[in-house]
Amino acid sequence: MIADDFARRVLRWQADKGRHDLPWQNPPSAYRVWVSEIMLQQTRVATVIPYFQRFIQRFAEIQDLYHAERDEVLHHWSGLGYYARARNLHRAAAQICQQYSGQIPADMGSLQALPGIGRSTAAAILSLSGGQSQPILDGNVKRVLCRHAGIKGWPGKSAVLKQLWQLSEQLTPLQNTAGYNQGMMDLGAMICTRSRPACDQCPLAAECVANHLGQQQQLPESKPKSNKPSRQEWVLITVKNGQVLLKQRPPSGVWGGLWHFPAYSSEPEALASLPDQAKQSKAMVLPSRRHSFSHFHLHIHPLLVEYNEKTNACMEDGCSLWYNIEQPQKLGLAAPVSRLLQEVQQILETNT
DNA sequence: AAATCGGGGAG
DNA sequence: CTCCCAGATTT
């Protein structure tokens, strides 16, 4: 089948059955599409929607993002994961405001030079918001193309990736690229799903290799599985006069720039680090929990220690602070930290 | 080429 | 429980 016919079928289907009411589609400004594309990296649409709404409400324009504190940007990203995306988004906003007077660049090279924007994200911004003819290659397009062309091998391998980019380039039309790219993503999300694809409703089924061979479950090939290691940490939830001690994580690494409880590699080590006024208090052992990252499991063992102090001498040395549970500051908090803080709030108001 | 970087929904 | 999602960046 010639590429032109492929694109026409996708376009017709997307106009008829595709998604037209996603929050970032009206209006599809470059800024809104950019924010959405960053949030959507490795993240489902349904998960992103409420985050996008809150983020855009607070940072309606790129200048609002530029002038915001990083803590508040991370606050609006809390629970979404991959926090380097938020840090890069904030950095890129500064670059765009300083170097491009607030105008998001409209060419692939300039966009890809910005932190957090790779080829597919740059192409999505330019096509969806500006109508430029640029091929994309996200998880949806990979799945559709792997099945349609019967491409074997895991798409994460560079040879397969190169093949997929070449195919996407060939099939992407010069006109109506926004509708086409949106249609490819809609097909992947609504029809050509990972399990049980609805081939009977697919506009590309007639020439789809996987459909003809019944290989929908085998394509695309899945990532070779690896055993994830486990780590342990004991965290001190120190409550003093209704406030909780938090420490800021280093700018890079897991939960970079977010606020976390002081963490230790053993229980005795954690208890030994308590301030003298707290040592007489009995630590409450909260249930341990397992948190899974993409490449390891973290077993968190929380210890709750409450004490009071007349003199409220606040030690805030820039990388640690007392967090007010009742009137929280706008900080970046990882999902398990937010959950723990909620549990602690419950415990504290039950005890009073 | 392989590792790093979250969290949750689906199966 | 495993797998993977509108990927990019670093090693």
Side-chain angles (χ1 to χ4, degrees), chain A residues 18-19 22-25 28 32-52 74 77-89 91-92 111-125 127-129 135-144 154-162 164-165 168 178 181-190 192-196 217 220-229 249-258 260 289-298 332-339:
Chain A
R19 297 173 289 188
L22 295 169
W24 41 91
Q25 289 178 314
R32 292 162 57 88
V33 171
W34 171 40
V35 171
S36 74
E37 286 301 324
I38 301 300
M39 285 188 171
L40 286 161
Q41 287 169 3
Q42 298 292 287
T43 311
R44 297 174 187 285
V45 168
T47 303
V48 163
I49 288 176
Y51 280 89
F52 179 82
L74 288 171
W77 213 271
S78 293
L80 195 55
Y82 283 151
Y83 299 95
R85 295 183 296 175
R87 301 194 303 268
N88 287 334
L89 191 70
R91 276 205 299 150
L111 275 180
Q112 289 185 80
L114 293 168
I117 301 181
R119 181 177 178 184
S120 190
T121 298
I125 295 170
S127 62
L128 297 177
S129 79
I136 61 172
L137 191 61
D138 68 345
N140 290 310
V141 179
K142 286 175 187 170
R143 190 168 51 255
V144 171
W154 175 51
K157 278 180 69 171
S158 60
V160 180
L161 206 56
K162 186 178 176 184
L164 287 167
W165 269 115
S168 181
N181 282 346
Q182 186 62 50
M184 289 294 283
M185 293 190 286
D186 291 350
L187 272 179
M190 303 166 66
C192 197
T193 50
R194 182 161 65 91
S195 60
R196 299 168 50 84
Q217 290 299 329
E221 285 184 18
S222 55
K223 186 176 86 162
K225 62 176 177 184
S226 58
N227 289 329
K228 296 179 183 175
R249 316 249 326 163
S252 65
V254 169
W255 296 340
L258 276 65
H260 186 37
R289 58 215 62 202
R290 192 182 83 154
H291 186 72
S292 293
F293 291 84
S294 48
H295 51 299
F296 68 94
H297 301 290
L298 179 64
L333 300 173
V337 177
S338 292
R339 279 193 287 267

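We use all heavy atoms of the structure for the numbers below, so side chains are in, but hydrogens, waters and symmetry mates are not. Quick note on labels: first sequence line is chain A, next is B, and so on, each numbered from 1. Since the model is a prediction, treat every value here as computed from it, not as a measurement.
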Practice task
Describe the nucleic acid contact of Trp24(A) in one word from base, sugar-phosphate, nothing, applying a heavy-atom distance below 4.0 Å.
Solution key: base
Exercise for the section: Examine dC5(B): is either OP1 or OP2 under 4.0 Å from a nitrogen or oxygen in the side chain of His295(A)? Give yes or no. Expected result: yes
Problem - Nucleotide dG7(C), atom P - distance to CG of Leu89(A) in whole Å - result: 16 Å
Handout entry: Met185(A) versus Arg19(A), closest heavy-atom pair with distance
Key = O-NH2, 3.7 Å
Handout entry: Expected output: side-chain Arg87(A) to main-chain Gly256(A) donor-acceptor under 3.5 Å
Key = yes
Exercise for the section: Among dA6(C), dC5(B), dG8(B), find the nucleotide with the atom closest to the side chain of Ala335(A). Expected result: dG8(B)
Problem - Validation row: His260(A), Val254(A) side chains within 4.5 angstrom (heavy atoms) - result: no
Exercise for the section: Rounded to the nearest angstrom, tell me the gap between atom CG in Leu40(A) and atom C1' in dG7(B). Expected result: 14 Å
Fill in the blank from the handout: Per atom distances to the Lys225(A) side chain, the nearest of dG8(B), dC3(C), dG6(B) is dC3(C)
Practice task
State which of dT9(C), dC1(C), dA6(C) makes the closest approach to the side chain of Arg290(A).
Solution key: dC1(C)
Problem - Atom-to-atom span, CE of Met39(A) to C1' of dG6(B) - whole angstrom - result: 14 Å
Problem - Euclidean distance, atom CD1 of residue Ile38(A) to atom P of dG7(B) [Å, nearest integer] - result: 18 Å
Practice task
When you get a sec, tell me which of dG6(B), dG8(B), dA8(C) is the closest nucleotide to the side chain of Gln42(A)?
Solution key: dG6(B)
Problem - Phe296(A) and Phe293(A) aromatic ring geometry - parallel, tilted or perpendicular at 30°/60° bounds - result: parallel
Exercise for the section: Ignoring backbone atoms, test whether Thr121(A) places a side-chain nitrogen or oxygen under 4.0 Å from the OP1 or OP2 oxygen of dA8(C). Expected result: yes
Practice task
Remember a base hit wins even if backbone is also touched, and classify Leu22(A) as base, sugar-phosphate or nothing at under 4.0 Å, heavy atoms.
Solution key: base
Problem - C1' atoms of dG6(B) and dC4(C), separation to the nearest Å - result: 13 Å
Exercise for the section: Answer with base, sugar-phosphate or nothing: what part of the nucleic acid does Arg87(A) contact at a heavy-atom distance below 4.0 Å? Expected result: nothing
Exercise for the section: Assign Gly79(A) to base, sugar-phosphate, or nothing according to its heavy-atom contacts below 4.0 angstrom with the strands shown. Expected result: sugar-phosphate
Exercise for the section: Could you check how far CH2 of Trp77(A) sits from P of dG6(B), rounded to whole Å? Expected result: 12 Å
Exercise for the section: Mind calculating the distance between CG (Leu258(A)) and C1' (dG7(B)) to the nearest angstrom? Expected result: 13 Å
Exercise for the section: May I ask you to say what Gly253(A) touches in the nucleic acid, namely base, sugar-phosphate or nothing, with a heavy-atom cut-off under 4.0 Å? Expected result: sugar-phosphate
Fill in the blank from the handout: Side-chain contact check for Gln182(A): nearest option of dT4(B), dA6(C), dC4(C) is dA6(C)
Handout entry: Audit row: Asn88(A), Arg85(A), side-chain hydrogen bond (donor to acceptor under 3.5 Å, both in side chains) steps and yes/no
Key = CA-CA 5 Å; Asn88(A) 287 334; Arg85(A) 295 183 296 175; over 6 Å; no
Problem - Heavy-atom donor-acceptor pair, Ser36(A) side chain to Val33(A) backbone, under 3.5 Å - result: yes
Handout entry: OP1 or OP2 of dG7(B) under 4.0 Å from side-chain N/O of Trp255(A)
Key = yes
Exercise for the section: Identify whether any heavy atom of Lys223(A) sits under 4.0 Å from a base atom; if not, whether one sits that close to sugar-phosphate; answer base, sugar-phosphate or nothing. Expected result: sugar-phosphate
Practice task
Report which part of the nucleic acid Ala189(A) touches: base, sugar-phosphate, or nothing (heavy-atom distance under 4.0 Å, all strands).
Solution key: nothing
Practice task
Please tell me which of Glu37(A) and Ile117(A) maps to the more 5' nucleotide of DNA chain C, matching each residue to the nucleotide holding its nearest heavy atom.
Solution key: Glu37(A)
Practice task
Report the nucleotide, chosen from dT9(C), dG7(C), dG7(B), that has the shortest atom-to-atom distance to any side-chain atom of Tyr82(A).
Solution key: dG7(C)
Practice task
Please work out if Ser294(A) contacts a base, only the sugar-phosphate, or nothing of the nucleic acid, heavy-atom cut-off 4.0 Å.
Solution key: base
Exercise for the section: Please confirm whether any donor atom in the side chain of Thr43(A) sits under 3.5 Å from an acceptor in the base of dG6(B), or the reverse. Expected result: yes
Problem - Most 5' of Arg196(A) and Tyr83(A) on DNA chain B, judged by nearest nucleotide - result: Tyr83(A)
Handout entry: His291(A) side chain near dG7(B) phosphate (N/O to OP1/OP2, under 4.0 Å)
Key = yes
Practice task
Using the C1' atom as the reference point in each nucleotide, state the distance between dC5(C) and dC5(B) in Å, no decimals.
Solution key: 14 Å
Problem - Spacing of the P atoms in dA3(B) and dC3(C) (rounded, Å) - result: 16 Å
Exercise for the section: Answer yes or no: are there more than 12 heavy-atom neighbours, outside Lys223(A) itself, under 6.0 Å from its atom NZ? Expected result: no
Practice task
Using the C1' atom as the reference point in each nucleotide, state the distance between dG8(B) and dT9(C) in Å, no decimals.
Solution key: 23 Å
Handout entry: Atom-to-atom span, CD of Glu221(A) to C1' of dT2(C) - whole angstrom
Key = 18 Å
Exercise for the section: Would you classify Val45(A) as touching base, sugar-phosphate or nothing, given that sugar-phosphate means primed atoms plus P, OP1 and OP2, and contacts are heavy atoms under 4.0 Å? Expected result: base
Exercise for the section: Give a yes or no on whether a donor-acceptor pair under 3.5 Å exists between the nucleobase atoms of dA6(C), that is its base, and the side chain of Arg143(A). Expected result: no
Practice task
Describe, in one word, how the ring planes of His291(A) and Trp255(A) are oriented to each other, choosing from parallel (under 30°), tilted (30 to 60°) and perpendicular (over 60°).
Solution key: tilted
Handout entry: First encountered from the 5' end of DNA chain B, between Thr47(A) and Gln41(A)
Key = Gln41(A)
Exercise for the section: Send over the distance from Gln217(A) CD to dA10(B) P, rounded to a whole Å. Expected result: 17 Å
